[in-house]
Amino acid sequence: MKYKIAVIEGDGIGKEVIPQAIRVLKELDIDLSLVYAEAGYEVFKRRGVTVPEETIDILKHTDACLSGPMMTPPGIKGYRSASVTIRKIMDLYANIRPIKNYPGIRGLKDNVDLVIVRENTEGLYSGIEWRIGNQAYTLRVITHEKSYKVSEYAFKIALERRKKVTFVTKANIMRETCGLFRETVFEVSKKYKDVLVEEVFIDAMSMKLIQQPSEYDVVLCPNLFGDILSDEASVLVGSIGILPSANIGDTYAMFQPVHGTAPDIAGKNIANPTAAILSAKMLLEYLGEKDKAALIEKALITVFKHKIFTRDLQGNYHTDKFTDKIIENLRKIL
Ligand code: ATP
């Protein structure tokens with residue numbers, strides 16, 4: 001087999017949307033071997049661990065992973081998010097979220113086509129927290145190493161797009177942590193003279209992103225800022241059910257829908273599989289199969305143009321029937 005792909009269906013609607021993405025992948029003439037692995041809350045309830053050892057082993061012996069959402073319920077002692085655990089173990093330092101309008105889907109704004117590149121392993125999500133009496137602390141860790149790697153990734157993406165990187169800090173207040181991030185972005189930018197670089201503070205950015213999203217191409221952020229801005233940006237384009245993401249490291253990558261496990265609609269065959277299918281498309285791009293990846297998006301756009309939608313987009317197609325339509329269109333262009 002040419003590519004070995006780990007598949008984690010995850011929890012809730014992950015078990016419905018990931019199989020649909022796999023159906024789409026199987027339509028393409030690509031030599032894929034799929035290795036199923038488990039992680040998440042359901043595994044935790046069964047086995048007391050969110051990411052079992054054998055799953056880590058599978059990740060280490062595959063080229064990339066397609067994963068569904070995994071539930072992270074608050075207030076359970078000893079419980080750690082499976083996604084965060086995998087990101088840390090596999091050192092997937094860049095989280096990539098493309099956000100753009102699709103035909104026929106009404107979002108808050110038109111002309112949105114941006115990518116949020118977020119540092120994925122440190123910042124305020126360092127996991128280093130403690131309490132002393134009535135005082136609680138979280139350590140914000142910013143390193144030159146991770147800032148450099150994530151910046152480099154952002155500039156590389158920008159080169160293939162509209163050649164603009166907007167990076168987000170609060171460097172006037174957090175002079176050390178945001179300061180180091182800022183210095184590192186400028187250091188990397190020297191290697192990419194064709195890419196325009198600008199800094200916007202997080203408070204201003206959360207306004208501007210809604211007011212004039214078409215201004216932005218690649219938006220580069222430390223961890224927490226990127227997490228917040230990407231949820232904010234999702235409302236620009238219609239439904240969280242259409243947004244894919246990638247977690248990228250030096251030697252491995254995991255692709256996931258942005259949405260969560262949606263327990264309110266799980267098991268009803270009404271979830272929108274678009275985010276999972278577009279995550280599979282990103283996985284193919286990562287593997288170098290750009291032409292095949294483009295076909296997936298083309299088939300999807302045709303479906304949207306025919307006003308075929310799932311319930312979250314005011315349509316009445318079920319998860320599997322919606323995917324049938326994508327496959328039908330894919331077969332026409334293969
Ligand atoms: P989690 O705790 O896993 O994050 P959640 O329900 O808090 O789950 P999401 O799963 O992101 O968060 O869901 C937010 C809302 O969007 C829910 O009402 C859910 O039904 C809806 N939603 C999320 N993903 C989809 C999808 N793929 N198709 C349709 N609706 C979705």
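As the structure lists them, so they are numbered: ligands from 1, and atoms in each ligand from 1.
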Would you say the side chains of Asn316 and Arg311 form a donor-acceptor pair under 3.5 Å?
-> no
For Ala271, the atoms of ligand 1 under 4.0 Å from one of its heavy atoms are 28 (N)
Would you mind checking if Glu160 and Lys156 are paired as a salt bridge, meaning a charged N to carboxylate O distance below 4.0 Å?
-> no
Minimum non-hydrogen distance to atom 6 (O) of ligand 1, winning option of Pro73, Pro263, Pro69, Pro74 = Pro263
SB check Glu38 Arg47 (cutoff 4.0 Å) = yes
Should Asp231 and Arg97 count as an ion pair when the cut-off is N to O under 4.0 Å?
-> yes
Give the residue and atom name of whichever protein heavy atom lies nearest to atom 25 (C) of ligand 1, and the separation in Å to one decimal.
-> Ile13 CD1, 3.9 Å
The closest protein heavy-atom partner of atom 14 (C) of ligand 1 is Ile240 CG2, 4.9 Å
Measuring to protein heavy atoms, does anything land under 4.0 Å from atom 21 (C) of ligand 1?
-> no
Closest to atom 31 (C) of ligand 1 (heavy atoms only, candidates Thr319, Ile265, Asp231) is Ile265
Would you mind checking which non-hydrogen protein atom is closest to atom 11 (O) of ligand 1, with the distance to 0.1 Å?
-> Gly260 N, 2.8 Å
Ligand 1 versus Asn272, non-hydrogen atoms closer than 4.0 Å: side chain, backbone, both, neither?
-> both
Could you state whether Leu124 and Ile142 fall into the same hydrophobic cluster, counting links through intermediate Ile, Leu, Val, Met, Phe, Trp or Tyr residues with side-chain heavy atoms under 4.5 angstrom apart?
-> no
Protein contact to atom 18 (O) of ligand 1 [nearest heavy atom, distance to 0.1 Å] = Asp264 OD2, 2.9 Å
Lys/Arg N to Asp/Glu carboxylate O, Arg182 vs Glu199, below 4.0 Å | yes
Just need the protein heavy atom nearest to atom 2 (O) of ligand 1, so name the residue and atom and give the distance.
-> Thr261 OG1, 4.3 Å
Which ligand 1 atoms are under 4.0 Å away from a heavy-atom of Gly241?
-> 26 (C), 27 (N)
Glu328/Lys321 ion pair, N-O < 4.0 Å | no
Between Glu119 and Lys149, does at least one N-O distance fall below 4.0 Å, as a salt bridge requires?
-> no
